[in-house]
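Below: one structure, written as structure tokens.
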Amino acid sequence: MGDLIEQAFPNSADTYYMKKIFLSLAFVFFSVSAFSASSKDFSLSVEPLFGMKWGQIDEYVFCNNCEYDDDKWSELNWEIKPELYYGLKIRGGWKGFFEETHFMAGIPMETGIMHDSDWQNVQYSGLADYQYKTSYSKSDNYLDYDFIFGFKGGYEFKIKEIFKIKPAVAFDYQNIKFTAKNGIAWYGESSNGYYKPYYTATPETFKNMLQNYNGQDISYKRVAYYFWLGSNFSVDLPYHFIVNTEFFISPYLYMESFDSHLLRGTDFADRTPGNFAAFKWNLGAEYKITERHSILLNAQYFYMRVLRGDDFMKTASSKTYKKATDADGGAGAKYFDISLSYRFTIF
């Protein structure tokens, strides 16, 4: 991952500092764990889980120096409908302090459709009607991988024994990649200085070209770093049930995305940082079978607004990306996440 990012952004100070911060967080987590392990008040649990996501990852291109209010040039929607995943949480505590590390991995599978839409007329000036879609394609979307690794730490405040408030800070690293295959496209004809609507075109399947790439049209990879602030609120109920809600907002996130248009022989890379650009809201329930064994059900909604940043491009045969002067890159995401897990409390 590091080599690919450095190849796209060889002078990226942000990437350098992201690596430093990530390693520092890892060091702090394991240092605190080692300290806590020596204390009699330490608690430790492991929690394997299985879940499903339903939503989409969005990719954008915006036209620079556009004379129109809407400057969206291109939009690609990578569906995750659904994505299945598995993972593990390890949670430790010392007195009121708690810490958690988690790892999740998506299962490679077909996850729906990749929709690719263009508004080519946005690059021209003086058009009375420019807002219609000029090209559209759709392909089968496949998840190659989705890895998430993160930390969370905070302090638990008890209120009258059954109520608990847990303010916390957290960090997540995600590396996700899709491949679109077997596409069909409608390209509006260029005529008299503008493009016609996509639905006036004859569909193209690129059958001969796709054979050279095992049916692959486009691939998309996103590497993201999320910093979170938030809190969990839980209530102990009768009959060994616990319910909770959790809300986190990201004061800063940073991501780099890589898009390879295989049939065009062109690669793109985007760099999109953002402040207070994402949130996640969770509802959960736990049933304590015994003091050490629990079953948990969690439902979460994740949303990241559309971010805009630098766009870079190169030919597939070139090793060096160049910054685009006529376009910005963009990124967004939204999905619903539900998971079932089993927690074993070691001590």
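Positions are given from 1, in the same order as the sequence printed here. In this text, all values refer to a predicted model and were calculated from it rather than measured experimentally.
For the residue pair Trp228 and Asp172, a side-chain donor N or O sits within less than 3.5 Å of a side-chain acceptor on the partner. No side-chain donor from either of Thr134 and Asp118 sits under 3.5 Å from a side-chain acceptor of the other. Of the N and O atoms on the side chains of Asn141 and Glu110, not one donor lies less than 3.5 Å from an acceptor on the other residue. Donor-acceptor pairing under 3.5 Å is lacking for the side chains of Asp326 and Asn64.
Relative ring orientation between His115 and Tyr136 is described as parallel, the plane-to-plane angle staying below 30° on a 0-90° scale split at 30° and 60°.
The only member of Tyr132, Tyr68, Tyr130 that meets side-chain hydrogen bond (donor to acceptor under 3.5 Å, both in side chains) when paired with Asn121 is Tyr132. Residue Val61 is tested with Trp73, Phe268, Trp119 for a side chain to side chain contact (heavy atoms under 4.5 Å, CB included); the sole match is Trp73. Put simply, the residue from Leu296, Ile90, Leu88 that forms a side chain to side chain contact (heavy atoms under 4.5 Å, CB included) with Glu47 is Leu296.
Taking Tyr145 as the reference, Phe147 meet the ring pair (Phe, Tyr, Trp, His ring centres under 6.0 Å) condition, with sequence neighbours excluded.
Residues Phe344 and His293 bring their aromatic ring centres within 6.0 Å. In this structure, Trp94 has its ring center no closer than 6.0 Å to that of Phe42. For Phe171 and Tyr173, the ring centers sit 6.0 Å or farther from each other. In this structure, the ring of Tyr194 has its center no less than 6.0 angstrom from the ring center of Tyr124. Note: Phe312 and Tyr321 fail the aromatic proximity criterion, with ring centroids not under 6.0 Å apart.
A cation-pi arrangement is absent between Lys334 and Tyr303 under the rule of less than 6.0 angstrom and at most 45 degrees off the ring axis. Taking the ring centre of Phe302 as origin, the terminal cationic atom of Lys280 falls outside the region bounded by 6.0 Å and 45° from the ring axis. Note that Lys221 lies outside the cation-pi zone of Phe178, set by a 6.0 Å cut-off to the ring centre and a 45° limit from the axis.
Ion pairing between a basic and an acidic side chain is recognised when a charged N comes within 4.0 Å of a carboxylate O; Asp116 and Lys138 show no such pairing. Using a cut-off of 4.0 Å between Lys/Arg side-chain N and Asp/Glu carboxylate O, Asp236 and Lys160 are scored as not salt-bridged. Between Arg222 and Glu59 there is no salt bridge, since no side-chain N of the basic residue sits under 4.0 Å from a carboxylate O of the acidic one. Salt bridge absent: Lys181 and Asp140 never bring a charged side-chain N and a carboxylate O closer than 4.0 Å. Arg308 and Asp328 are joined by a salt bridge, as a carboxylate oxygen and a charged side-chain nitrogen come within less than 4.0 angstrom of each other. Using a 4.0 Å cut-off between charged side-chain N and carboxylate O, Lys166 and Glu156 make a salt bridge.
Listed by first and then second residue, the salt bridge (Lys or Arg N to Asp or Glu O under 4.0 Å) pairs involving residues 74-89 are Lys72-Glu75, Glu79-Lys81 (not counting sequence neighbours).
By the 4.5 Å heavy-atom criterion applied to side chains, Trp186 and Ile184 are counted as neighbours.
Minimum heavy-atom separation, Tyr252 to Pro273: OH-CB, 3.9 Å. When all heavy atoms of Gln56 and Ile80 are compared, the pair lying nearest together is N-CG1, 3.7 Å. Here the shortest heavy-atom pairing between Ile165 and Ser231 reads CG2-OG, 3.6 Å.
Around CZ of Phe347, the count of heavy atoms belonging to other residues, nucleotides or ligands within 6.0 Å exceeds 12. Around NZ of Lys288, the count of heavy atoms belonging to other residues, nucleotides or ligands within 6.0 Å exceeds 12.
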